[in-house]
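Below is one structure, written out as structure tokens, with a few remarks after it.
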Amino acid sequence: MGWQYVNGIVTANHHIDEDVWRIEIHCPEIAGMCRPGHFVMLRSWQGEPFLPRPMAIFHYTNESFDVVYKVKGFGTKMLAAAAPGREITVTGPLGSAVEHSYLGKTIALVGRGVGITPLLPVAKAASEEGGSVISLLSARTEKLLVGKEDFELLGEVHTQTDEQQHSRVTDKLERLLNMGRHLDAVYVSGSKRLLSHCEELGARFGFQVYVFLEERMACGIGYCKGCAIEMRQGSRKYSLCCIQGPLYRAESVVVI
Amino acid sequence: MGWQYVNGIVTANHHIDEDVWRIEIHCPEIAGMCRPGHFVMLRSWQGEPFLPRPMAIFHYTNESFDVVYKVKGFGTKMLAAAAPGREITVTGPLGSAVEHSYLGKTIALVGRGVGITPLLPVAKAASEEGGSVISLLSARTEKLLVGKEDFELLGEVHTQTDEQQHSRVTDKLERLLNMGRHLDAVYVSGSKRLLSHCEELGARFGFQVYVFLEERMACGIGYCKGCAIEMRQGSRKYSLCCIQGPLYRAESVVVI
Amino acid sequence: MSADLRCQLGRLSLKNPVMPASGCFDWYPEHDGPFHPDELGAVVLKSTTLQPRDGNIPIRLAETPSGMLNAIGIPSYGLEGFRTILREKWSRLKTPVIASISAFTPEEYAILARELGKEPTVAALEINLSCPNLEHGVIPAQDPVLLRECVEAVREATEAMIIAKLSPNVTDIVEMASISESAGADAICLINSIRGMEIDIWKKKPILGRGTGGLSGPAIKPIALAMVYEVCGAVKVPVIGVGGISRAEDAIAFLLAGASAVQVGTISFRDPLAMRKIITGIREYLDSEGYTSVTDIIGLARTDT
Amino acid sequence: MSADLRCQLGRLSLKNPVMPASGCFDWYPEHDGPFHPDELGAVVLKSTTLQPRDGNIPIRLAETPSGMLNAIGIPSYGLEGFRTILREKWSRLKTPVIASISAFTPEEYAILARELGKEPTVAALEINLSCPNLEHGVIPAQDPVLLRECVEAVREATEAMIIAKLSPNVTDIVEMASISESAGADAICLINSIRGMEIDIWKKKPILGRGTGGLSGPAIKPIALAMVYEVCGAVKVPVIGVGGISRAEDAIAFLLAGASAVQVGTISFRDPLAMRKIITGIREYLDSEGYTSVTDIIGLARTDT
Ligand SMILES: Cc1cc2nc3c(=O)[nH]c(=O)nc-3n(C[C@H](O)[C@H](O)[C@H](O)COP(=O)(O)OP(=O)(O)OC[C@H]3O[C@@H](n4cnc5c(N)ncnc54)[C@H](O)[C@@H]3O)c2cc1C
Ligand SMILES: Cc1cc2nc3c(=O)[nH]c(=O)nc-3n(C[C@H](O)[C@H](O)[C@H](O)COP(=O)(O)OP(=O)(O)OC[C@H]3O[C@@H](n4cnc5c(N)ncnc54)[C@H](O)[C@@H]3O)c2cc1C
Ligand SMILES: Cc1cc2nc3c(=O)[nH]c(=O)nc-3n(C[C@H](O)[C@H](O)[C@H](O)COP(=O)(O)O)c2cc1C
Ligand SMILES: Cc1cc2nc3c(=O)[nH]c(=O)nc-3n(C[C@H](O)[C@H](O)[C@H](O)COP(=O)(O)O)c2cc1C
Ligand code: FES
Ligand code: FES
């Protein structure tokens, strides 16, 4: 266990669509330790901006891992400028790995946009372990349904893009549930709106809802106490997203 | 007249020897206005370090100019990393152009290392105008006698490297003067030791000694008042190197 | 139609809220750059003293992370020399000219204010109460009693608009701003540079000839912004925000915090067109956010209004 | 032979002069990184309060040019919870452990000092007199009277070594250091983070949930260095330099200015191995400059010695 702080090498960095990119980083020290739920802190530049950026792991092998990211501000702009061959510092793997048992269980994965990222490792683990997986992916465009093909290899996939009719991808989930489909858990990421809907369905149909959360991070390793997530349950008001998260039971947290 | 602040494009950036590099920058707006004595402020990076770096102009055409620089700290390290094609901000041309009249005059140019840089435009101007030029160049290595071939096209050249016997390149000047050679002025750059010798010779043989000075600069355009050169003559104790300099009469300044 | 950048700084009408910080801009008509001072909301001149001064011994500059230290020490032509330059050079501008005065005693401040307040070219006087680089080391803006004396002396000496420029090196900036206001300042300007030092570890001595200097540039922006925010909540006179502004976003943040105008210093050394870009950027922001006048956004980020 | 990094901080013997700044380091034995705390000269713990505290509402962090703002607000397990962690976790370290205490009254400081001063794991107590992020907004290190009361209360409560950690947000840091010394502090630590603010210009409100926060990181290094330089010339007790140290060169500058040891904060967030690199870099500098002990360079850049 434990995390490392090492130099990786960018091996690919492709534009997917609109403001979304996918970067592949050769970094055996960290890739080899990755588990579902993990994230990394990345910095591919010198000088400004000052802090590294937290990013979920989308895909990993023993040698390398991939991150799908949206260009928002200065840091992700610098990331998009990192050409193959460039050194990039990586701290990871970070966060609490998802250690759920999926044998014989049915789970749904509900993701929107780059929020889809952390769901793929969960889908793979569930499928490998003998669970069944329903993926519900939503994005602005077809291309931004990142990893759609990968999810398709693992089970049933429903998608929804903003280019299509305006409904929620979780409406499909609701229909399946209404038709008597059983679910043990749903993992949601990247949309507050979809989360609310899942929580409603979870309460109605009796399954656990988990959510991947994001909060500003300086360190990612529990040093700074900055990444506070407000809790609805438990003895403490806040939880550190980088240590206890980024995955939480939806009912335990306040999502802003 | 006047200066500009524009983006140039790096068209070449070669290692010369040891820690010295030569960069060529395509920048017609500024190159077209350059005169001997001018310098530029360069910044080829984003973020850190904060300030641009002052650099003498070694060579200029109507389209582009060349700078020869020594990698010292973070700024010049970034400069050495600027690949051809890269944008580079340039403020210039800066400083007081050397407007001396060289017709029928004999001048000597005494330079050491990258200090040789600002002398070449002076040599060219003098030679074009019908003056004669003796160049005395000193450096650590043969390759660091930058522009030796250019100076040779313009007149007599004497060189000295640290690899050779240990004498001063100005000893040759002294011999020429002792042999009755007439000189109207000497321009010194890059060595305090050679400057002292020239001043001594100037006093003895009756010619004017000029010196290219350097001082830390924030702006290069007379805004900050930071580049103070201490004066030995005149009504004011300090002179601004970026506006009144970088060339001074040696007798007028205190060289530290 | 594009948003209106005109604004009011007390009794001064500005065509936009952007002006250079004192000591960070100059104009050499005979060696002019790409940038004409008349583009600016106003021009603030380098501080001047009563007697001529050489300024500090070099080294006067040191680079720091996202900023720099300076120990210029206010080289000055003295009152007479300055008046000549004012009449011969600065009188040629159309935009308001704000003269900055620095002094060692309330009496000196009063003389400078009385004399310069009479100059037709001078639209307002900025009182530099906060230079960190003078030899006696006393900064009026650090001492409640001295601060009041200096501002009052200036107030009595002139009818001109006076702007008190304060130091960040104080325990309570609101106290200092309130003293300035009650002593008669028509506006408050903050912050001046912050005391700092760099050491050359190879020479084993401070880099600056004077030891310490003033820190400026983006590094200090969050400090300046917090002080401007606080002071805007405590005084009624307009506040000019200064410190580390390097992009339109920064200038906008100061306006949202409550500043009526901004001054741009150090960034002009790196990018002489920075002020022009900031003016353009403010206009673009107003347009994209649907505001018709820059005055609409002043103080919008305040929770107390 | 390589230079000796051992040094003395008052009565504490350190194997090297580098320790984390309070609140900028932690250790999770069950999720350990590449870096073991025993490599450090000492370990300074996050400040603890008498009662348990949740800490501030998010957003707690904002990035700034060459630095960051934090408004963590000292989440704390309270005295009892802290004592348990001290005994179960920190007691496992071989390097000296310095506990940091934060409080709202001199009495609270005294209770914490009395109780924690008795803990065998606690090699020294750092008194955080300067947290800029507590709800009442009062910073003892900004008030000469309160500062003296707090330090005296701690001094009376314990025989343990006490280190007074001061705030840079004061007019006269030397005064505050001298008060701390005469009130019984065995060492002075400076600086804490500097009050600052960032504004989200699209949301039109401060980024931090609490409005203002503390600025730290390379941006503030020149400010910290100037204060350390000044204080080292005015007090007899050892001074710990902190503020923006991010490379060995920075740490060396603080030692040359007169600091007996240094603390490294924010840079560890970006580079968790920074402290190790700084320790190595100090040794390389000493070797290349021909010094045999780190104590040889303390104060070398001072002009007063
Ligand atoms: C655990 C975790 C996993 C994440 N995974 C992904 C991912 O797989 N793909 C992806 O595109 N994004 C992901 N994010 C969000 C991503 O970190 C931010 O979009 C990114 O930091 C923005 O940086 P910037 O410089 O472009 O933006 P700026 O707005 O310039 O950043 C300014 C500061 O705010 C922080 N910040 C801004 N937005 C966020 C945010 N949403 N969450 C946390 N910090 C933020 C930055 O880290 C930085 O410190 C994740 C965040 C967390 C906490
Ligand atoms: C008018 C003028 C012309 C110059 N021409 C040349 C040239 O043609 N070739 C060349 O190699 N060098 C030249 N220099 C010196 C060059 O500017 C410095 O070597 C360079 O700024 C060092 O930057 P750095 O980041 O590598 O070093 P650092 O030491 O990291 O720089 C730190 C700071 O100190 C300043 N500084 C450091 N050394 C000098 C210096 N000698 N002069 C002025 N500022 C300095 C830097 O500009 C910067 O602000 C010239 C300087 C001046 C003033
Ligand atoms: C080189 C330099 C010279 C300065 N000279 C003066 C001055 O003469 N009078 C004054 O009031 N402020 C002076 N200042 C302070 C600036 O006006 C401004 O308050 C400070 O630099 C912070 O703004 P900035 O970060 O945008 O530079 C000077 C600053 C610099 C960097
Ligand atoms: C996230 C964070 C939390 C901090 N918490 C504390 C604290 O609990 N107690 C304290 O005395 N100082 C605290 N500090 C201040 C640091 O110890 C240090 O004084 C300051 O950050 C300057 O050093 P730096 O620039 O190296 O970070 C904290 C700083 C940061 C950035
Ligand atoms: S990001 Fe620093 S504690 Fe979580
Ligand atoms: S470098 Fe700014 S005035 Fe000369």
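Lettering of chains follows the sequences in order, A, B, ..., and the numbering in each one begins at 1.
Within the 3.5 Å criterion, the main-chain N or O of C/W27 finds no donor-acceptor partner in the side chain of C/D32. Distance alone, capped at 3.5 Å, is enough to place a donor-acceptor pair between the B/E48 side chain and the C/S66 backbone. Remark: the backbone N or O of B/R112 is not paired with any side-chain donor or acceptor of B/S191 at under 3.5 angstrom. C/S193 contributes no side-chain N or O that, together with a main-chain N or O of C/S216, makes up a donor-acceptor pair within less than 3.5 Å.
Most heavy-atom pairs under 4.5 Å with chain C: of the set B/C224, B/A228, B/P49, B/G47, this distinction falls to B/C224. Heavy-atom pairs under 4.5 Å with chain C peak, among B/G226, B/C227, B/P52, at B/G226. With chain C as partner, the option from B/I256, B/I229, B/V6, B/I243 having the largest number of non-hydrogen pairs under 4.5 angstrom is B/I243.
In this model, a donor atom of one side chain and an acceptor atom of the other lie less than 3.5 Å apart for B/T141 and B/D17.
The contact between B/R43 and chain C is made entirely by side chain atoms (from C-beta outward), counting heavy-atom distances below 4.5 Å. There is no contact between C/L208 and chain B, counting heavy-atom distances below 4.5 Å. There is no contact between B/T89 and chain C, counting heavy-atom distances below 4.5 Å. Within the 4.5 angstrom heavy-atom criterion, atoms from both the backbone and the side chain of C/P65 approach chain B. Looking at C/Y28, the atoms closer than 4.5 Å to chain B (heavy atoms on both sides) all sit in the side chain, from C-beta outward. Of the two parts of B/M41, neither the backbone nor the side chain holds a non-hydrogen atom closer than 4.5 Å to a non-hydrogen atom of chain C. Within the 4.5 angstrom heavy-atom criterion, only backbone atoms of C/T64 (N, CA, C, O) approach chain B. In this structure, chain C has a heavy atom under 4.5 Å from the side chain of B/Y238, while its backbone stays farther away. With a 4.5 Å cut-off on non-hydrogen atoms, B/L42 does not touch chain C at all.
When all heavy atoms of C/I282 and C/P17 are compared, the pair lying nearest together is CD1-CG, 4.4 Å.
Looking at residues two or more places apart in sequence or on another chain, you find a side-chain hydrogen bond (donor to acceptor under 3.5 Å, both in side chains) between B/R22 and B/D66.
Geometrically, B/R35 does not engage B/Y60 in a cation-pi contact, judged by NZ or CZ lying under 6.0 Å from the ring centre and within 45° of the ring axis.
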